[in-house]
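Worksheet: the structure to be examined is printed underneath.
Just so it is clear: chains get the letters A, B, ... in the order the sequence lines come, proteins before strands, and each one is counted from 1.
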Amino acid sequence: MNPLFVLFGIRAALRLGRTGAEIYAQRSRDRAVFLPDLIKPDIDRYALIVTFYASAAREQALLDDEALSPLWDEDLHRPIRKSPAVVDTLFAAVIEAQIQEAGTEDETEAELSVEIAGGFMIEQWNRSAAPISPVGRIAITMADIALEFVGSNPSVMGIGGNGERLIGAIALNLSHMIPDDQDEFGTRAKFADRLCGIFLRAGLSVLADHPELVVDQDHLQALMAETLTPLVTNLPDDLSEQLEWRALLDALAGPAASAAFAVVAERPDAFLGKAFSTDKAVGAVTQALFETLSDTGLREQLTDAGWLKLYKSVLRVAADRPDLFIGSGDQPKKELLRDLLSGVAQTLHASEAFDGELGAELAAIAIDALNENAAVLLELDDQDEWQTLAIDMIDQVSGALADRLRNPDQAGALRQFGKQQLVELSRIFLVQAAATPGMLGIGRTELKAIVSGVASAMAADENLLLTSDDWLKIAAVAAAEASVNPGRLFGLNEDTAEGALGAEIIGGLLTVAAAEWDKLDAEGAAGRDAGHVLAGPTLRDAITVALRAAAGNARAAASAGKPIETLAARISDIVREDPEAYGGGEWLLLFREMIGNALTEGTIVDISDDEIRTILSKRDAA
Amino acid sequence: MTRPFRNSVLILAVLLAAACAGQVQTASSLRSLDTRLKDTLVQKNVHDSDPIFNEVALSAALAAIAEDAVDQARETPEANNQVALYRVAAIAFWKAGEAGESRIASTVSEGLAACDRAAPRPARDCAVIRLALPFAQTENEFRKLKILQRLAGQSQAGLDGGAGLNDEQFRAAEGVLGQMMSATDGLLQARPEIENAPVTESFILYLDRQTKTSFCHAAAAFGFLSAEQISAADGQGRPVRAMSAASRSAFAGLEPRLKAALGMPDAASLNC
């Protein structure tokens, strides 16, 4: 289609009412309105009989009937009496006569389909009598939506406003969206009409929420060309595929468009200037999302909300690092994006525990974390493998946690984790890994080793001595220490995860705490009733202290004498024997002060009263 | 971007931005009136069989909607907007019953004048304005018939379901029948012109449905009047009283004409 036709189309559409406001007025006048029915009459059998025999021919037939004629008053043309016997007999005759005449039903009644209580919704015009061109229809739709915003957001629709630029951006892509082929006009134009409406509404809403935003007309046009146009032109020719494509777009196009415009609002600088790679990248991500969902049937593997979360994360990457998605010849790497989206969905689906929205959130965290650290990470890895890195990262975390969650009996403390806490736990590892140069890379499984190590330590907490919040803090320390002390606490690959030092230390302290918990006091009480302190925050802090200390002296921590465990047991004895003098604070202080010596000397069996007094006096002095 | 494209965007933007507040306001008012009218009519329909329901209040509400619409139509310069507003007013006055009886004729007259000025002539709205008068006539006569039926029922003169009306009332009932037939005739006469207008197929079906209902009202009046005649055999010493031959003949001819106009076979039932 000649681009000038677009201009003419819009002008023609506007001329229908001379101004945009008139178009709105016309739409208000022409839309379907309620037309009420007439009140129904109260008509009885008697009236039906006399009405039927008002016809002279029918009355004559009645008079010719020997059985019925005595019931009929020929002078007044009515039944001789209004008694039930007479009326019922004549009414039966009417019914029989009607059946004999034709037996036809009134068939027009059912054809008025838009019936509501006592009337019908009917439009102004017969559409075939008042055709509007496809371009005109889209222009009217756009004007209609734009005018909705005139009243509530005048600044958006003012001259030179962002709304004007957005309308222009969509209008100027119409010629690409709607093919010249007249055979295709109807289907594609209607689809384009709907999609333009969805995008315009989403765009205007975002722009109205960000009045301070200055958007660039050329970038908006490029963004629409890369985002909206392919969605229309990719409408399949096959009818059943068309239905699927429409259903998919109906469900997700609105939120996706809102997300795309939100990225423009969040990162306006990315959409300014002479480079248009950001627009291409955002368009490519959008195309990839819909093509992935339609081509490979992956939609069910995450929820729609989950897919949108994932999409938003990838959009942010596209805005920040469009070069990741643009290949040679300035062409978007659609394949890469499809691999990323389908790879993430398949990875999460395989992990079972992270299927659906939970998995999508985990994936979004991973992608956001990668994005935030892209500058460092991508210096180390081939950029072409970006999507592999993301999928690998998600796989390592979701896989390690899913291994434990698959068997609740062996999950220990993990079984008390709700969905949000699992996401938080994953976030700790993902953010730490993305921020640690060298931890990620093709073939590297250090991240999984750390997650597996922490998960196996959590599995040891069968008595649930720690809350999930405690475990999140421990995981944060473990991940941080492991990241700066590679190989010391959790090994460098997943094979060493189970017997890793970090897991051993946590397991050892949990063993001491569990034993302590079970010990009976003089009155036969146990656990908290017996005043045992090595649980909850005290135990949590003991573990974090131990992890930090062990990371700096791994060899000693791993020695056969189990110095950390032995120290913890000894301090527990001291605190238990004099509960009036020592509590959880003292336990922790002694542990923190003595763990260095314990590791240096290999183990500590005896702690003198003087030593205890010296340590506690330091605290008192402080 | 080429200059024509820039111009097109500018034109569109300027036109949108210059959207006349009056036009938008009229359109918004029309939408609001349409919504009020629909809600009130649906409410009326829902409560039609509820004896406790305040019919008077609802009629007053409909009359108020109609007056609002007429006021706005008179203040609106565009003929097309006037037509839409008169359509609202015509329906509301029609359904307001007695509260709208004295106002509907002038409203229809003003509405049809606006139709003549409008270009293009709004097909549905002008048709509705034209039909509102026979619709209102049918329902007004229906209310009169109900009163006469009540009077006949209260009278002790009727025997075996026989005549209960006095002669004056009988003549009034015959007048009701005549008005109802006239309303049905009015609908039949309007049909060809409406059929040629670019209204939707649904509108024609809607019109046919109302035309049949209007005929059924006449049939109910005819049945009532028929029963109110007095024969020599009634045995109460009253003089014979019969419906006029003109009324009978007019009614007998109405059904075939209706079926012909609606394209129905002679033998088809009207399902009153």
Do [X] and [Y] get their side chains close enough for a donor-acceptor pair, meaning under 3.5 Å?
X	Y	result
B:E201	A:N126	no
B:R31	A:S28	yes
A:E59	A:H77	yes

Give the member of [options] that has the highest number of heavy-atom pairs under 4.5 Å with chain A.
options	value
B:L30, B:V199, B:L262	B:V199
B:V88, B:I91, B:D125, B:D266	B:D125
B:C216, B:A242, B:P256, B:G253	B:C216
B:C126, B:P122, B:A84, B:C272	B:P122

Could you check whether atom CD of A:E74 has more than 12 heavy atoms from other residues, nucleotides or ligands sitting under 6.0 Å from it?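 No - once you tally the heavy atoms of other residues, nucleotides and ligands closer than 6.0 Å, there are 12 at most.
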
>> Using a 6.0 Å cut-off, check whether atom NZ of B:K146 has over 12 heavy atoms from anything other than its own residue.
In response: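 Open: at most 12 neighbouring heavy atoms sit under 6.0 Å from NZ of B:K146.
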
Steps toward ring pair (Phe, Tyr, Trp, His ring centres under 6.0 Å) verdict (B:F93, B:Y86): CA-CA 10 Å; B:F93 275 139; B:Y86 278 120; over 10 Å; no

Checking heavy atoms, do the side chain of [X], its backbone, both or neither come under 4.5 Å from chain A?
X	result
B:L145	neither
B:A252	both
B:R87	side chain
B:S249	neither
B:D34	side chain
B:T138	side chain
B:F135	both

The criterion is side-chain hydrogen bond (donor to acceptor under 3.5 Å, both in side chains); which residues satisfy it with B:S244, sequence neighbours excluded?
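side-chain hydrogen bond (donor to acceptor under 3.5 Å, both in side chains) check on B:S244 returns B:E174, B:S247.
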
Rounded distance [0.5 Å steps], [atom1] in [X] versus [atom2] in [Y]:
X	Y	atom1	atom2	answer
A:M224	A:I170	CE	CD1	5.5 Å
B:L270	B:L258	CG	CG	5.5 Å
B:E255	A:R58	CD	CZ	5.0 Å

message: Quick check on the structure: residues of residues 42-49 of chain A within a heavy-atom distance below 4.5 Å of chain B, by number.
response: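 Within residues 42-49 of chain A, near chain B: A:D42, A:I43, A:Y46, A:A47, A:L48.
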
Worksheet entry | chain B contact via A:D73 - side chain, backbone, both or neither, heavy atoms under 4.5 Å |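 For A:D73, the side chain is the part near chain B, not the backbone.
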
(message) Is A:A222 in contact with chain B via its backbone, its side chain, both, or neither, using a 4.5 Å heavy-atom distance?
(response)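 Neither part.
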
*Could you walk me through whether B:F222 and B:M180 pass side chain to side chain contact (heavy atoms under 4.5 Å, CB included), step by step?*
CA-CA 10 Å; B:F222 183 75; B:M180 284 184 165; over 6 Å; no

Determine, for A:D37 against B:K95, whether the closest basic-nitrogen to carboxylate-oxygen distance falls under 4.0 angstrom.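 Not counted as a salt bridge, because no side-chain N and carboxylate O are separated by less than 4.0 Å.
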
